[in-house]
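The block underneath contains the structure these notes are about, expressed in structure tokens.
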Amino acid sequence: MAAVRVEEVLAAAEEQEAEKRRSVTVEKELELEFDLGNLLALDRNPPPAAGLRGAGPRREALLRALARDNTQLLVSRLWELPAERAGGAGGPLVARLPEPAFRLPREKPPPRPRPPTRWEQFARLKGIRRRKRTSLVWDEQAKEWRRRWGYRRAGGDPARAWLAEVPEGADPEEDQFARLRREKRERVARNELNRLRNLARAHRAGTAVPAAPLHPTGHQSREELSHVARIARVSTASLGRFQPRLPKESAEPPSRSGGKKRRFEPLLGNLAAERSRQLELLRDMGSKKPVLDITRAVNKQLRQEEAEAAAAKGKKQSQRGKRGRRQQRTGRSSKKSGARRQQQQQRPAGSSTVSGRRKKA
């Protein structure tokens with residue numbers, strides 16, 4: 001067995017240690033710009049032009065090495081951030097990211113905020129704050145924890161109690177159980193009406209053309225109630241296709257003319273289409289000329305002119321009434337009678353008219 005010199009062993013160990021340091025140490029001429037809030041690293045160093053020419057294994061290897069070095073620099077910066085254990089001493093080690101420095105554009109518009117209900121508006125006006133209460137309360141009669149509201153709630157349903165107290169000043173012959181059932185039906189109907197009003201208000205807030213407002217006193221016409229019911233039906237994901245029908249409601253499917261459902265692109269799928277959309281977005285953001293759709297602008301101008309012409313025509317027709325037409329007729333008849341009297345005064349004394357024709361005596 002050949003003897004191994006100590007110098008060779010030390011040289012091999014130093015070479016292995018240098019190889020390990022090379023895997024985590026990256027040298028760049030220009031330092032990278034980091035946005036740790038978005039986990040973003042910007043490399044300003046120009047890549048070697050000779051290695052990127054053509055398409056082959058050399059170019060792929062160069063791109064992989066460049067991406068690996070930049071990722072290593074980003075990970076090294078992340079390890080410099082303050083870290084803590086999530087979920088106790090045995091949890092994973094997580095880092096606290098700073099606030100993002102770059103504002104990344106959104107591909108889809110942000111969701112619209114939900115319009116407040118009548119109760120939320122009233123609570124904001126009166127300064128009423130919402131307090132968090134538990135959903136379970138102790139029922140003294142049943143000696144158990146029950147729900148605060150809904151089915152089998154604590155205290156039971158007063159309409160189903162075996163004993164009903166007669167209020168002071170009420171008719172002693174009145175059926176109190178029937179009164180409690182009637183009041184419960186009225187509360188359910190009032191809550192359903194308020195729910196439909198909130199849906200109608202939200203629908204009006206989301207559309208450009210406001211609908212006819214509902215009367216706050218509760219006296220709605222048949223058209224208003226049918227309009228609100230249709231809005232409540234098509235507010236589901238299936239546009240009311242699986243909702244139960246009312247007794248006198250038509251069985252025709254709901255109309256889709258009120259709007260169309262939003263269609264989102266899949267998160268994983270056609271990468272070429274996504275790349276083209278992103279490139280087009282960046283091209284529009286970097287262009288100094290505003291993006292102008294001539295066809296859309298012309299159509300919008302034409303629709304605006306037609307609407308103004310129709311409004312002016314309707315205004316003129318509304319100004320004309322029966323009184324104006326009667327005055328026009330009386331004015332014409334007075335002009336004709338005045339002209340006839342003037343002609344008769346200009347005729348000679350021996351002439352006369354019979355059936356509108358002049359004859360000599």
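What's counted below: heavy atoms across the whole structure, side chains too, no hydrogens, waters or symmetry copies.
The shortest distance between side-chain heavy atoms of Arg197 and Arg118 falls below 4.5 Å. Put simply, the side chain of Val166 does not reach to within 4.5 Å of the side chain of Asp171, judged on heavy atoms. Side-chain contact between Gln176 and Glu165: absent, with no pair of heavy atoms (C-beta onward) separated by less than 4.5 Å.
The two residues Gln121 and Pro116 make their nearest non-hydrogen contact at NE2-O, 3.7 Å. Considering all non-hydrogen atoms of both residues, Leu39 and Leu74 come closest at O-CD2, 3.7 Å. When all heavy atoms are compared, the tightest approach of Trp119 to Ile128 is CH2-CD1, 3.9 Å. Contact detail for Ala154 and Val137: the closest heavy-atom pair is CB-CG2, 3.3 Å.
The distance from atom CD of Glu8 to atom CG of Leu10, rounded to the nearest 0.5 Å, is 10.5 Å. The distance from atom CG of Asn191 to atom CD of Glu186, rounded to the nearest 0.5 Å, is 12.0 Å. Rounding to the nearest 0.5 Å places CZ of Arg106 at 12.5 Å from CG of Leu281. How far CD of Gln301 is from CD of Glu306: 11.0 Å, rounded to the nearest 0.5 Å. To the nearest 0.5 Å, atoms CG (Leu40) and CG (Leu104) are separated by 7.0 Å. Of the inter-residue distances, the one linking Gln304 atom CD with Glu308 atom CD reads 5.0 Å to the nearest 0.5 angstrom.
There is no side-chain donor-acceptor pair under 3.5 Å between Asn198 and Arg195. There is a side-chain donor-acceptor pair under 3.5 Å between Asp35 and Asn38. Looking only at atom types and distance, the side chain of Gln72 has a donor-acceptor partner in the side chain of Ser76 under 3.5 Å away.
Between Lys28 and Glu31, no side-chain nitrogen of the basic residue sits less than 4.0 Å from a carboxylate oxygen of the acidic one, so the salt-bridge criterion is not met. Using a 4.0 Å cut-off between charged side-chain N and carboxylate O, Arg146 and Glu144 make a salt bridge. Using a cut-off of 4.0 Å between Lys/Arg side-chain N and Asp/Glu carboxylate O, Arg179 and Glu183 are scored as salt-bridged.
Other residues, nucleotides and ligands contribute at most 12 non-hydrogen atoms within 6.0 Å of the CZ atom of Arg147. By the 6.0 Å contact criterion, CD on Glu29 is open, its count of non-hydrogen atoms from other residues, nucleotides or ligands being 12 or less. For Glu7, the CD atom sits in a packed shell: over 12 heavy atoms of surrounding residues, nucleotides or ligands are nearer than 6.0 Å. In this structure, Trp79 places its CH2 atom where only 12 or fewer heavy-atom neighbours from other residues, nucleotides or ligands lie under 6.0 Å away.
For the side-chain contact (heavy atoms from CB on, under 4.5 Å) with Leu32, the lone residue among Val26, Leu42, Asn45 that qualifies is Asn45.
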Next on the checklist: Checking Glu120 against Arg114 for the salt bridge (charged side-chain N to carboxylate O under 4.0 Å, His left out) test, could you report, in this order, the C-alpha distance in whole Å, the side-chain angles of both residues, the deciding distance, and whether it holds?
Outcome noted: CA-CA 11 Å; Glu120 292 175 350; Arg114 180 182 61 85; 3.0 Å; yes
Checklist entry - What do the steps show when you test Leu30 against Asp43 for side-chain contact (heavy atoms from CB on, under 4.5 Å), and what is the final call? => result CA-CA 8 Å; Leu30 299 177; Asp43 189 1; over 6 Å; no
Checklist entry - Could you walk me through whether Arg153 and Arg148 pass the side-chain contact (heavy atoms from CB on, under 4.5 Å) check? => result CA-CA 5 Å; Arg153 66 177 180 269; Arg148 188 184 296 272; over 6 Å; no
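For the salt bridge (charged side-chain N to carboxylate O under 4.0 Å, His left out) test, no residue two or more places apart in sequence or in another chain qualifies with Lys300.
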Let me check something: any side-chain donor-acceptor pairs from residues 80-90 under 3.5 Å, sequence neighbours excluded? List them with distances.
{"from": "Glu84", "atom 1": "OE1", "to": "Arg96", "atom 2": "NH2", "distance (Å)": "2.8"}
{"from": "Arg85", "atom 1": "NH1", "to": "Gly91", "atom 2": "O", "distance (Å)": "3.1"}

